[in-house]
There are 2 protein chains.
Amino acid sequence: MRIGELSRRTGASRRLLRYYEEQALIVPDRGPNGYREYDERYVDRINQIRGLLDAGLPTRIIKQILPCLDKPRSIHFPDATPQMLALLATERDRLSERIDVLVRNRDAMSEYLAEVARCRAPEDCGTQ
Amino acid sequence: MRIGELSRRTGASRRLLRYYEEQALIVPDRGPNGYREYDERYVDRINQIRGLLDAGLPTRIIKQILPCLDKPRSIHFPDATPQMLALLATERDRLSERIDVLVRNRDAMSEYLAEVARCRAPEDCGTQ
DNA sequence: CTTGACCATCACATCAATGTGAACGTTTCA
DNA sequence: TGAAACGTTCACATTGATGTGATGGTCAAG
């Protein structure tokens, strides 16, 4: 698969795929013509990267913890150094905190929308 | 309260507080000497802004939906235009999606950490 | 062979969030 | 009164994640 198809399948722009490569998050093969060649696994990989970026992790951290989250999970963590595990645990906790904040904000939005909706039916609100 | 204290109480740098003001997210009063004067409500306000930014909303969107989320909730939504409500609903849904992704990632991290921990106790892993 | 759809690199632009520092006024307190 | 701590504006710089466009190579189909 070349960059265009991967872009289509992941929703990440070509530019962004090249950026991830520049940041050493992925290392696609190159065809004889210089074209990047991605195999199936890159679809998940890209989605995972985007999820982690979305979680607020910077690329340099993602680069470190990504090997821990590789697809054939388990029986695979031979080279996880204690520091990497600590880093991973720290980031997970930070992520949990962020999730809490986000959930609170979403709930506040929902609450507001619900109030407005509730108020629009009985036909009385505003100054009441 | 002046900018230093607000900074201390919210964790946002003075610089950032001025930046939010520049982005029209907040409009603090000014004392006769030109100093910014913030009242208590700004503490929550700043935290809310940071939460929304953290949620991935750009400042220009936050500026629009923030009035909807104001502190004395309810009996306050007289000027919410239909477009604002639609925007708010859209953003809430996007936020929900993001939360799902984040939760999945956190769970993957936890799962990995749990596996490593489980494996370290029985004193056999790696090549097994 | 040419056209169109790909691909490549390079470079410039933007946006959010920050840092830094200059140059300067204010408040407080010993 | 003078120093320390705090405030102001302005401006330039950087970082991370992206967008956009220029310029040019590759390749398949008409």
Side-chain angles (χ1 to χ4, degrees), chain A residues 1-39 42 45-66 91 94-95 97-98 101-102 105, chain B residues 1-39 42 45-66 91 94-95 97-98 101-102 105:
Chain A
M1 167 181 11
R2 281 170 309 180
I3 201 169
E5 186 180 347
L6 185 59
S7 170
R8 251 171 270 122
R9 293 181 57 184
T10 59
S13 67
R14 290 152 226 252
R15 172 70 175 80
L16 214 35
L17 294 174
R18 297 194 187 104
Y19 173 71
Y20 295 158
E21 180 178 348
E22 191 185 308
Q23 300 303 306
L25 299 182
I26 52 179
V27 187
D29 290 341
R30 294 296 181 119
N33 48 12
Y35 287 14
R36 291 169 176 82
E37 278 294 339
Y38 306 87
D39 64 54
Y42 275 94
R45 184 80 161 197
I46 296 300
N47 284 331
Q48 183 154 38
I49 288 171
R50 307 209 87 200
L52 292 170
L53 279 170
D54 212 44
L57 304 197
T59 52
R60 70 170 201 291
I61 299 288
I62 296 178
K63 184 169 46 183
Q64 296 201 276
I65 71 182
L66 208 48
E91 292 302 337
R94 283 162 50 88
L95 183 46
E97 278 174 37
R98 289 198 62 211
V101 173
L102 266 39
N105 271 283
Chain B
M1 163 181 16
R2 282 170 308 180
I3 201 170
E5 186 179 347
L6 185 60
S7 170
R8 252 170 270 122
R9 292 181 56 183
T10 59
S13 67
R14 290 153 225 251
R15 175 70 176 82
L16 208 38
L17 294 174
R18 296 195 189 103
Y19 172 71
Y20 292 158
E21 180 177 348
E22 190 186 307
Q23 300 302 307
L25 300 182
I26 52 179
V27 187
D29 290 340
R30 296 294 182 119
N33 48 12
Y35 286 16
R36 291 168 176 83
E37 277 294 339
Y38 306 87
D39 62 54
Y42 275 95
R45 185 79 161 195
I46 296 301
N47 286 331
Q48 183 155 38
I49 289 171
R50 307 208 88 198
L52 291 170
L53 280 169
D54 211 43
L57 304 197
T59 50
R60 74 171 197 290
I61 298 287
I62 296 178
K63 181 170 46 183
Q64 295 200 275
I65 71 182
L66 208 48
E91 292 302 338
R94 285 162 49 88
L95 184 45
E97 280 174 38
R98 288 197 63 210
V101 172
L102 266 38
N105 271 283

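Sequence lines set the chain letters: A, B, ... in the order given, protein chains first and strands last, and positions in each chain run from 1.
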Quiz prompt | Nearest-Å distance for atom pair CD1/P, residues A/Ile46 and D/dA17 | solution = 14 Å
Quiz item: Are A/Ser13 and D/dT18 close enough that a side-chain N or O sits under 4.0 Å from OP1 or OP2?
Solution: no
Quiz item: Quick one: B/Glu22 CD to C/dG19 P, roughly how many Å, whole number?
Solution: 15 Å
Quiz item: Does the B/Thr10 side chain pair with the main chain of B/Leu6, one donor and one acceptor, at a distance under 3.5 Å?
Solution: yes
Quiz item: If you check the B/Arg15 side chain, which of C/dC7, D/dT8, C/dT20 turns out closest?
Solution: C/dT20
Exercise. Take B/Glu91 and B/Arg94 through the test salt bridge (charged side-chain N to carboxylate O under 4.0 Å, His left out) and record every step on the way to the result.
Key: CA-CA 5 Å; B/Glu91 292 302 338; B/Arg94 285 162 49 88; 3.2 Å; yes
Practice problem: Quickly work out the A/Leu25 CG to D/dG16 P distance and round it to whole Å. | Solution: 12 Å
Exercise. Please tell me if the side chains of B/Glu37 and B/Arg2 come closer than 4.5 Å, counting only heavy atoms from C-beta onward.
Key: yes
Quiz item: Atom CD1 of B/Ile62 and atom P of C/dA16: how far apart are they, to the nearest Å?
Solution: 9 Å
Exercise. For A/Arg30 and D/dG25, give me the distance from atom CZ to atom P, rounded to whole Å.
Key: 17 Å
Quiz prompt | A/Arg8 or B/Arg2, whichever maps to the more 5' nucleotide of DNA chain C | solution = A/Arg8
Self-check item: Residue whose nearest DNA chain D nucleotide is more 5′ - A/Pro32 or A/Leu16
Solution: A/Leu16
Exercise. Report the residue (B/Leu53 or B/Tyr35) whose heavy-atom-nearest nucleotide on DNA chain C is the more 5′ of the two.
Key: B/Leu53
Quiz item: What nucleotide among D/dG19, D/dT18, D/dT9 has an atom nearest to a side-chain atom of B/Arg36?
Solution: D/dT9
Quiz item: Backbone N or O of A/Val101 within a donor-acceptor pair of the A/Asn105 side chain at under 3.5 Å?
Solution: yes
Quiz prompt | Side-chain touch A/Ile65/A/Leu57, heavy atoms, less than 4.5 angstrom | solution = yes
Practice problem: Verify side chain to side chain contact (heavy atoms under 4.5 Å, CB included) between B/Ile46 and B/Arg9, making sure each step is shown before the conclusion. | Solution: CA-CA 10 Å; B/Ile46 296 301; B/Arg9 292 181 56 183; over 6 Å; no
Exercise. State whether the distance check finds a donor on one side and an acceptor on the other, under 3.5 Å, for side chain B/Arg18 versus base D/dT8.
Key: no
Quiz item: How is A/Arg60 classified with respect to the nucleic acid when contacts are heavy atoms under 4.0 Å: base, sugar-phosphate, or nothing?
Solution: nothing
Quiz item: Which of these nucleotides, C/dT27, D/dG16, D/dT8, is closest to any side-chain atom of B/Asn33?
Solution: C/dT27
Quiz item: Nearest-Å distance, CD1 (B/Ile49) to C1' (C/dA17)?
Solution: 14 Å
Quiz item: What is the distance, rounded to the nearest whole Å, between atom OH of B/Tyr20 and atom P of C/dC15?
Solution: 17 Å
Practice problem: Please determine if a side-chain N or O atom of A/Arg14 lies less than 4.0 Å away from the OP1 or OP2 oxygen of D/dG21. | Solution: no
Self-check item: Nucleotide C/dA8, atom C1' - distance to CD1 of A/Ile3 in whole Å
Solution: 9 Å
Quiz prompt | Per B/Gln23 side chain, nearest of listed nucleotides D/dT18, C/dC6, C/dA16 | solution = C/dA16
Quiz item: Any side-chain N or O of A/Tyr19 under 4.0 Å from OP1/OP2 of D/dT18?
Solution: no
Exercise. Considering just the side-chain nitrogens and oxygens of A/Thr59, establish if one lies under 4.0 Å of OP1 or OP2 belonging to D/dA17.
Key: yes
